[in-house]
*Asks:* 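First the structure, then my questions, so here it is.
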Amino acid sequence: MKILSDFNLTVDADEVEQQLKQISTVLPPANDKELLKKIFSLIDLTTLSERDNIENVSQMCERVNMLGETYPTMPCVAAICIYPELVSVVKEKLDNPLVSIVSVGGGFPSSQTFTNIKVMEIEQAIGQGAEEIDIVLPVGKFLMEDLEYVEHEIQVIKERIGSVHLKVILETGSLRDYSLIRKASLLAIGAGADFIKTSTGKVSPGATPQVTIVMCHAIRDYYNRTGKKIGIKPAGGISDADTALLYYAIVKEILGEDWLNSERFRIGASRLANNLLANIFDKGPDFGYF
């Protein structure tokens with residue numbers, strides 16, 4: 001793995017905690033409604049339940065379509081993220097061309113199927129209208145140190161989908177070691193990921209600030225060596241404004257202003273959109289738009 005040999009893979013957990021403490025002292029104010037609107041524009045509005053169907057996904061699309069009319073000062077979310085079978089529903093129902101269609105794929109959420117099946121599923125999702133693909137790094141193979149398999153699989157998928165954005169989910173809750181997370185980050189980046197993402201939301205813990213710090217440093221180090229900017233997507237359990245502001249501050253502190261846009265920073269969430277709207281428009285705790 002040439003990409004791995006180019007970098008130090010060891011992470012000092014104490015340094016991660018120290019940086020988190022430092023960032024936590026310079027958080028933007030929670031009542032900055034313009035910043036909350038910006039964070040809203042970074043959301044991949046997500047539904048990934050076994051209960052998903054044409055009806056509930058159509059309703060989500062309709063809410064996104066109506067957002068500008070209902071809240072004229074609000075930006076749109078960055079994307080809608082769904083299972084492959086429901087991509088065609090979003091393609092039909094979504095009116096806003098500024099909102100991307102994201103499909104999970106590749107045997108989501110476990111990634112425990114054959115590479116050719118993963119490629120077939122992903123190509124079918126793209127054929128139905130998916131503009132971005134979120135796959136899960138094959139964690140079992142990674143933990144067995146079968147790194148050539150992991151690298152090759154990501155490379156094959158990226159080659160087949162071309163310019164379609166590929167987000168690789170590390171499932172950091174299953175790695176549980178900062179050095180492993182750094183290694184997985186650099187491996188995925190080197191194999192062709194356009195984004196690296198923390199979690200499927202199906203494994204606990206999902207996103208954590210510490211893990212996001214580790215991943216941001218991997219992205220920064222790769223950029224410093226190659227000049228290529230890779231995106232970051234924390235996902236899994238980010239549901240309130242204060243937490244979202246912390247992740248925003250982490251990305252700003254480590255990666256800088258060039259990453260504070262939907263081309264390089266997304267937040268995977270379902271409840272966060274409602275909670276941000278409630279904060280911005282002074283709604284009660286039971287408010288629910290989506």
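Side chains included, hydrogens not; waters and symmetry mates left out as well; all remaining heavy atoms used.
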*Asks:* Check side-chain hydrogen bond (donor to acceptor under 3.5 Å, both in side chains) between Lys118 and all other residues, then give those that pass, not counting sequence neighbours.
*Replies:*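 Applying side-chain hydrogen bond (donor to acceptor under 3.5 Å, both in side chains) to Lys118 gives Ser111, Glu153.
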*Asks:* Please test Trp259 against Tyr223 for ring pair (Phe, Tyr, Trp, His ring centres under 6.0 Å), starting from the C-alpha separation and ending with a verdict.
*Replies:* CA-CA 12 Å; Trp259 267 263; Tyr223 168 70; 5.6 Å; yes
*Asks:* What residues form a side-chain contact (heavy atoms from CB on, under 4.5 Å) with Thr10, not counting sequence neighbours?
*Replies:*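 Testing Thr10 for side-chain contact (heavy atoms from CB on, under 4.5 Å), a comparison that skips the adjacent residues, returns Asn8, Ser179.
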*Asks:* Using atom types as modelled and distance alone, determine if a side-chain donor or acceptor of Glu132 lies under 3.5 Å from a backbone N or O of Ser100.
*Replies:*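 No, Glu132 side chain to Ser100 backbone: no donor-acceptor pair under 3.5 Å.
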*Asks:* Please test Ile43 against Arg266 for side chain to side chain contact (heavy atoms under 4.5 Å, CB included), starting from the C-alpha separation and ending with a verdict.
*Replies:* CA-CA 6 Å; Ile43 291 176; Arg266 301 284 181 85; over 6 Å; no
*Asks:* In a check of side chain to side chain donor-acceptor pair (under 3.5 Å) between Asp194 and each of His165, Lys229, Lys158, which one passes?
*Replies:*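 Exactly one option meets the side chain to side chain donor-acceptor pair (under 3.5 Å) with Asp194, and it is Lys158.
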*Asks:* Only one of Ile181, Ile250, Val251 passes side chain to side chain contact (heavy atoms under 4.5 Å, CB included) with Ile213; say which it is.
*Replies:*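 For Ile213, the side chain to side chain contact (heavy atoms under 4.5 Å, CB included) test succeeds with only one of Ile181, Ile250, Val251, which is Ile250.
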*Asks:* If you compare all heavy atoms of Glu121 against all heavy atoms of Gly107, which two are closest, and at what distance to 0.1 Å?
*Replies:*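 What the structure gives for the nearest pair is OE1-N, 3.1 Å.
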*Asks:* Are the side chain of Lys37 and the backbone N or O of Asp32 linked by a donor-acceptor pair below 3.5 Å?
*Replies:*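 No; judged by distance alone, with no hydrogens or angles, the pair does not exist.
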*Asks:* Please report the interatomic distance CG(Leu186) to CE(Met215), rounded to the nearest 0.5 Å.
*Replies:*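 Here the rounded value is 10.5 Å.
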*Asks:* With a 4.0 Å cut-off, would you call Lys197 and Asp134 a salt bridge?
*Replies:*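 Salt bridge between Lys197 and Asp134, a charged N being under 4.0 Å from a carboxylate O: yes.
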*Asks:* Determine whether Phe142 and Tyr149 satisfy the following criterion, ring pair (Phe, Tyr, Trp, His ring centres under 6.0 Å), listing intermediate values before the conclusion.
*Replies:* CA-CA 8 Å; Phe142 176 78; Tyr149 182 102; over 10 Å; no
*Asks:* Taking atom CD of Glu69 as the centre, does the number of heavy atoms from other residues, nucleotides or ligands within less than 6.0 Å exceed 12?
*Replies:*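 No - once you tally the heavy atoms of other residues, nucleotides and ligands closer than 6.0 Å, there are 12 at most.
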*Asks:* Can you tell me which residue among Val104, Ile101, Thr46, Val89 is in a side chain to side chain contact (heavy atoms under 4.5 Å, CB included) with Ile82?
*Replies:*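 Considering Val104, Ile101, Thr46, Val89, a side chain to side chain contact (heavy atoms under 4.5 Å, CB included) with Ile82 is found only for Ile101.
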*Asks:* Hydrophobic cluster membership, with links at side-chain heavy-atom distances under 4.5 Å among I/L/V/M/F/W/Y: are Leu42 and Val102 in one?
*Replies:*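 The answer is no; the residues belong to distinct hydrophobic clusters.
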*Asks:* If we ignore hydrogens and angles and just use 3.5 Å, is the side chain of Ser103 paired with the main-chain N or O of Gly105 as donor and acceptor?
*Replies:*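 No: the side chain of Ser103 does not pair with the backbone of Gly105.
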*Asks:* For atom CG of Leu143, is the number of surrounding heavy atoms from other residues, nucleotides or ligands below 6.0 Å larger than 12?
*Replies:*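 Check passes, neighbour count above 12.
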*Asks:* Between Asp44 (side chain) and Cys81 (backbone), is there a donor-acceptor pair under 3.5 Å?
*Replies:*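 No: the side chain of Asp44 does not pair with the backbone of Cys81.
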*Asks:* What heavy-atom pair brings Ala188 and Ile154 nearest, and what distance separates the two atoms?
*Replies:*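 Distance-wise, the nearest heavy atoms are CA-CD1, 4.0 Å.
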*Asks:* Are any side-chain N or O atoms of Asp258 and backbone N or O atoms of Leu255, one a donor and one an acceptor, separated by less than 3.5 Å?
*Replies:*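 Absent.
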*Asks:* Stepwise, does the side chain to side chain donor-acceptor pair (under 3.5 Å) test hold for Asn56 with Asp52?
*Replies:* CA-CA 6 Å; Asn56 78 296; Asp52 287 342; 3.0 Å; yes
*Asks:* Treat each ILVMFWY residue as a node, draw an edge where side-chain heavy atoms are under 4.5 Å apart, and state whether Ile161 and Val150 are in one component.
*Replies:*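 Linked, Ile161 and Val150 end up in one cluster.
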*Asks:* Mind checking the OG-CG spacing from Ser41 to Leu36? Nearest 0.5 Å is all I need.
*Replies:*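 These two atoms lie 11.0 Å from each other.
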*Asks:* Okay, side chain of Arg176, backbone of Gly173: is any donor-acceptor separation there less than 3.5 Å?
*Replies:*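 Yes: the side chain of Arg176 pairs with the backbone of Gly173.
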*Asks:* In the structure I gave you, are the side-chain heavy atoms of Ile133 and Lys167 within less than 4.5 Å of one another anywhere?
*Replies:*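 No, their side chains stay 4.5 Å or more apart.
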*Asks:* Just checking Lys252: does its NZ atom have more than 12 heavy atoms from other residues, nucleotides or ligands closer to it than 6.0 angstrom?
*Replies:*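 No.
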*Asks:* Are more than 12 heavy atoms, taken from residues, nucleotides or ligands other than Gln124, located less than 6.0 Å from that residue's CD atom?
*Replies:*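 No, CD of Gln124 has 12 or fewer neighbouring heavy atoms, counting only those of other groups under 6.0 Å.
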*Asks:* Quick check on the hydrophobic clustering: are Ile135 and Ile219 connected, directly or via other members, by side-chain heavy-atom contacts under 4.5 Å?
*Replies:*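 Yes.
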*Asks:* Quick check on Glu123: does its CD atom have over 12 non-hydrogen neighbours (other residues, nucleotides or ligands) under 6.0 Å away?
*Replies:*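 Count over threshold, so yes.
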*Asks:* For atom NZ of Lys93, is the number of surrounding heavy atoms from other residues, nucleotides or ligands below 6.0 Å larger than 12?
*Replies:*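 No, because the 6.0 Å sphere around NZ of Lys93 holds 12 heavy atoms or fewer from other groups.
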*Asks:* Return the set of residues passing side-chain hydrogen bond (donor to acceptor under 3.5 Å, both in side chains) with His217 (not counting sequence neighbours), or none when no residue passes.
*Replies:*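 Here the qualifying residues are Gln19, Arg220.
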*Asks:* Determine whether the side chains of Thr243 and Asp240 contain a donor N or O and an acceptor N or O closer than 3.5 Å.
*Replies:*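 A pair is found: one side chain offers a donor N or O, the other an acceptor, under 3.5 Å apart.
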*Asks:* Any sub-3.5 Å donor-acceptor pair from Glu151's side-chain atoms to Ala191's backbone N or O?
*Replies:*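 It does not hold such a pair.
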*Asks:* Given Val64 and Ile80, is the side chain to side chain contact (heavy atoms under 4.5 Å, CB included) satisfied, shown in steps?
*Replies:* CA-CA 9 Å; Val64 172; Ile80 293 177; 3.9 Å; yes
*Asks:* Got a donor-acceptor contact below 3.5 angstrom from the Asn65 side chain to the Leu94 backbone?
*Replies:*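 Looks like no, no N/O pair under 3.5 Å.
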*Asks:* Once rounded to the nearest 0.5 Å, what's the spacing between atom OG1 of Thr212 and atom CG of Leu246?
*Replies:*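 Between atom OG1 of Thr212 and atom CG of Leu246 there are 8.5 Å.
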*Asks:* Walk me through whether Gln128 and Glu85 qualify under side chain to side chain contact (heavy atoms under 4.5 Å, CB included).
*Replies:* CA-CA 9 Å; Gln128 296 287 314; Glu85 187 193 21; over 6 Å; no
*Asks:* If you round to the nearest 0.5 Å, how far is NZ of Lys21 from CD of Gln18?
*Replies:*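 The CD atom of Gln18 sits 7.5 Å away from the NZ atom of Lys21.
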*Asks:* Are Leu48 and Val136 connected, step by step, through hydrophobic side chains (Ile, Leu, Val, Met, Phe, Trp, Tyr) whose heavy atoms are closer than 4.5 Å?
*Replies:*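 As far as the 4.5 Å side-chain criterion goes, Val136 and Leu48 are connected within one cluster.
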*Asks:* Using the rule given for side chain to side chain contact (heavy atoms under 4.5 Å, CB included), can you reason through Phe287 versus Phe281, listing the C-alpha separation, both sets of side-chain angles and the distance that settles it, and then say yes or no?
*Replies:* CA-CA 10 Å; Phe287 172 78; Phe281 295 102; over 6 Å; no
*Asks:* Out of Thr73, Asn279, Asp282, which one pairs with Lys33 under the side chain to side chain donor-acceptor pair (under 3.5 Å) rule?
*Replies:*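 Of the listed residues Thr73, Asn279, Asp282, the side chain to side chain donor-acceptor pair (under 3.5 Å) partner of Lys33 is Asp282.
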*Asks:* Using modelled atom types only, decide if a donor and an acceptor are shared between the side chain of Arg264 and the backbone of Phe195 within a distance under 3.5 Å.
*Replies:*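 Between the backbone of Phe195 and the side chain of Arg264 there is no qualifying donor-acceptor contact (under 3.5 Å).
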*Asks:* Would you say the side-chain atoms of Tyr178 pair up with the backbone N or O of Asp12, donor to acceptor, closer than 3.5 Å?
*Replies:*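 The answer is no, because no donor-acceptor pair under 3.5 Å joins these two groups.
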